[in-house]
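Values below: every heavy atom of this structure, side chains too, minus hydrogens, waters and symmetry copies.
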Amino acid sequence: MAVSSQVQAGLFGSSGYTQTRYPIVLAHGMLGFDSMLGIDYWYGIPQALRRDGAQVYVTEVSQLNTSELRGEELLQQVEEIVAISGKAKVNLVGHSHGGPTVRYVAAVRPDLVASVTSVGAPHKGSDVADLIRQIPEGSGGEAILAGLTNGMGALIHFLSGSPSTEPQNSLGSLESLNSEGAARFNAKYPQGIPTSACGEGAYKVNGVRYYSWSGTSPLTNPLDVSDAMLGAGSLAFDEPNDGLVGRCSSHMGMVIRDNYRMNHLDEVNQVLGLTSLFETDPVTVYRQHANRLKNAGL
């Protein structure tokens with residue numbers, strides 16, 4: 001099947017702290033994967049959630065494509081998970097481009113979704129994507145950049161054993177993640193999106209609960225080689241950001257917190273758990289949220 005194998009914690013030795021009513025389904029962002037070369041995208045997170053009772057499924061969709069196409073791929077996997085788990089619904093959690101991806105699933109099939117949680121997702125677009133979009137369309141520069149990015153996506157697709165059969169589409173990703181593309185997507189799928197510049201969105205739409213959180217510290221650990229890239233990305237913004245997504249753009253539904261001392265990769269406990277020593281461990285944040293979902297009957 002198109003999801004990673006499900007390893008559930010037994011009740012013996014489990015506190016039940018993360019034992020939600022419905023399975024938790026994790027959806028990666030742009031250039032993401034489930035596991036690659038022995039490294040999990042959601043580093044240590046599924047194991048920690050399962051340890052105390054959660055059913056967790058890690059999905060994989062197109063590394064580079066539009067939100068709608070990624071959403072359709074994810075929907076197929078959600079339908080499989082519902083059939084396999086015997087549960088009527090799932091709790092969707094999407095990081096980065098996974099945020100709009102899970103929103104699409106909830107919008108078109110709310111009957112299959114108990115909750116949607118976005119983590120560091122650019123719901124109103126990313127200033128980095130806007131900056132890249134300034135490269136003239138159809139230009140040689142655009143073709144070179146698209147080719148290089150598609151090549152990176154194809155490599156990740158191969159190394160991770162991705163189930164997606166779609167060709168890499170970096171320009172489709174770019175159109176989904178810049179502010180104009182995000183606005184078009186939001187007009188079609190407005191569920192949970194704030195109507196004010198930096199407010200909260202509806203907490204519940206069509207029976208689906210909406211939550212979000214994000215970080216605003218691009219540089220968090222000198223040992224993390226990705227910090228330099230995210231520090232450079234932060235220069236595109238004029239507001240607090242995680243290196244790729246602005247604080248206000250990350251808002252959706254109930255905003256749990258929008259200023260964790262985390263950058264864009266810390267939000268999924270990458271790279272290899274090298275996150276800030278002065279902030280709650282990202283794994284703990286996911287455990288706390290699973291308990292939040294459990295207490296809400298989800």
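Here the side chains of D242 and Y260 are not in contact, with every heavy-atom distance at 4.5 Å or above. The shortest side-chain heavy-atom distance between Q270 and I39 falls under the 4.5 Å cut-off. Considering only heavy atoms from C-beta on, N206 comes within 4.5 Å of Q191 through its side chain. With a 4.5 Å cut-off on side-chain heavy atoms, L64 and S173 count as touching. Taking 4.5 Å as the limit, every side-chain heavy atom of V268 sits out of range of all side-chain heavy atoms of Y43. R109 is not listed as a side-chain neighbour of V78, based on a closest heavy-atom distance of 4.5 Å or more. Looking at L145 and E142, their side chains never come closer than 4.5 Å, going by heavy atoms from C-beta outward. Side chains of T18 and K294 form no contact here, defined as non-hydrogen atoms less than 4.5 Å apart.
Few gaps surround CE on M36; more than 12 heavy atoms of other groups in view lie less than 6.0 Å from it. Surrounding CZ of R21 are at most 12 heavy atoms belonging to other residues, nucleotides or ligands under 6.0 Å away. Counting heavy atoms of neighbouring residues, nucleotides and ligands inside a 6.0 Å radius, atom CD of E239 exceeds 12 of them. Counted within 6.0 Å of CZ on R261, heavy atoms from surrounding residues, nucleotides or ligands total 12 or fewer; the atom is thus considered open.
Atom-to-atom distance recorded for I256:CD1 and M254:CE is 7.5 Å, nearest 0.5 angstrom. Of the inter-residue distances, the one linking I24 atom CD1 with L293 atom CG reads 6.0 Å to the nearest 0.5 angstrom. Between atom CG of residue L31 and atom CD1 of residue I156 there is a gap of 4.5 Å, rounded to the nearest 0.5 Å. Atom CG of L277 and atom CD of E279 lie 11.0 Å apart (nearest 0.5 Å). The distance from the CG atom of N269 to the OG1 atom of T284 is 9.0 Å, given to the nearest 0.5 Å. From I45, atom CD1 reaches atom NE2 of H289 across 12.0 Å, with rounding to the nearest 0.5 Å.
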Next item on the list: Start with the C-alpha gap between L219 and D224, add the side-chain angles, then the distance that decides, and say whether side chain to side chain contact (heavy atoms under 4.5 Å, CB included) holds.
Entry: CA-CA 9 Å; L219 304 175; D224 187 346; over 6 Å; no
S179 and D130: side-chain hydrogen bond (donor to acceptor under 3.5 Å, both in side chains), yes or no, with the steps?
CA-CA 7 Å; S179 56; D130 286 346; 3.1 Å; yes
Exercise for the section: Begin from the C-alpha positions of L230 and L265 and carry the test side chain to side chain contact (heavy atoms under 4.5 Å, CB included) through to its verdict. Expected result: CA-CA 9 Å; L230 294 170; L265 293 183; 4.2 Å; yes
- Query: Under the side chain to side chain contact (heavy atoms under 4.5 Å, CB included) criterion, do S160 and Q63 qualify, and how do the steps go?
  - Reply: CA-CA 10 Å; S160 65; Q63 280 69 37; 4.1 Å; yes
**Prompt:** Where do Y210 and Y203 land on the side chain to side chain contact (heavy atoms under 4.5 Å, CB included) test, with the steps shown first?
**Reply:** CA-CA 5 Å; Y210 286 84; Y203 287 10; over 6 Å; no
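In this structure a side-chain-to-backbone donor-acceptor pair under 3.5 Å is present from S249 to G125. Put simply, the side chain of S250 gets close to the backbone of R247: a donor and an acceptor are under 3.5 Å apart. Without hydrogens or angle criteria, T59 side chain to L26 main chain gives a donor-acceptor distance under 3.5 Å. The backbone N or O of Y17 sits nowhere less than 3.5 Å from a side-chain atom of R287 that would complete a donor-acceptor pair. At least one donor-acceptor pair closer than 3.5 Å links the side chain of S85 to the backbone N or O of I81.
When only modelled atom types and interatomic distance are considered, R103 and N186 share a side-chain donor-acceptor pair under 3.5 Å. In summary, the side chains of N221 and D227 do not present any donor paired with an acceptor at a separation below 3.5 Å, with no hydrogens or angles considered. A donor-acceptor contact under 3.5 angstrom links the side chains of S62 and S164, judged on distance only. With 3.5 Å as the limit, one finds a donor-acceptor pair spanning the side chains of D40 and Q47. No hydrogens or angles considered: nothing links the side chains of N263 and S217 as a donor-acceptor pair under 3.5 Å. With no hydrogens or angles considered, no side-chain donor-acceptor pair links S214 and D258 at under 3.5 Å. Side-chain contact check for S118 and H123: at least one donor-acceptor pair (N or O, by modelled atom type) lies under 3.5 Å.
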When the side chains of residues 86-97 are checked against the rest of the protein, which donor-acceptor pairs come out under 3.5 Å, sequence neighbours left out?
from: N91; atom 1: OD1; to: S115; atom 2: OG; distance (Å): 2.6
from: N91; atom 1: ND2; to: Y22; atom 2: O; distance (Å): 3.1
from: N91; atom 1: ND2; to: L298; atom 2: O; distance (Å): 2.7
from: H95; atom 1: ND1; to: Y41; atom 2: OH; distance (Å): 2.6
from: H95; atom 1: NE2; to: H264; atom 2: O; distance (Å): 2.8
from: H95; atom 1: NE2; to: E267; atom 2: OE1; distance (Å): 3.4
from: S96; atom 1: OG; to: H264; atom 2: NE2; distance (Å): 2.8
from: H97; atom 1: NE2; to: S67; atom 2: OG; distance (Å): 2.8

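For P218, the side chain to side chain contact (heavy atoms under 4.5 Å, CB included) criterion is met by S234, N241, not counting sequence neighbours.
Summarising the geometry of N65 relative to S176, their closest heavy-atom pair is O-OG, 4.5 Å, with the distance given to 0.1 Å. Looking at every heavy atom in both residues, S126 comes nearest to F237 through OG-CZ, 4.0 Å. Listed here is the closest heavy atom pair of V205 and G192: CG2-N, 4.0 Å. Listed here is the closest heavy atom pair of A106 and V116: CB-CG2, 3.4 Å. The minimum heavy-atom distance between A197 and C248, with the atom names listed, is O-CB, 3.8 Å. Closest heavy-atom contact between A129 and L174: O-CD1, 3.5 Å.
Residues L244 and M152 are members of separate hydrophobic clusters, defined by side-chain heavy-atom contacts under 4.5 angstrom among Ile, Leu, Val, Met, Phe, Trp and Tyr. Taken together through direct or relayed side-chain contacts under 4.5 Å among Ile, Leu, Val, Met, Phe, Trp and Tyr, V113 and V61 form part of one hydrophobic cluster. No path of Ile, Leu, Val, Met, Phe, Trp and Tyr side chains, each step under 4.5 Å between heavy atoms, connects L274 with M262, placing them in separate hydrophobic clusters. Y286 and V255 fall into different hydrophobic clusters, where Ile, Leu, Val, Met, Phe, Trp and Tyr side chains are chained together by heavy-atom contacts under 4.5 Å. Following chains of ILVMFWY side-chain contacts shorter than 4.5 Å, one cannot reach L171 starting from L131, and the two form parts of different hydrophobic clusters.
A salt bridge links E68 and K188; the closest N-O separation between the charged side-chain nitrogens and carboxylate oxygens is under 4.0 Å. Between E200 and R257 there is no salt bridge, since none of the side-chain N atoms of the basic residue sits less than 4.0 Å from a carboxylate O of the acidic one. Between E175 and R133, at least one side-chain N (NZ, or NE/NH1/NH2) sits under 4.0 Å from a carboxylate O, which counts as a salt bridge.
Aromatic ring centres of Y104 and Y189 lie closer together than 6.0 Å. Separation of the F33 and W42 ring centroids does not fall under the 6.0 Å cut-off.
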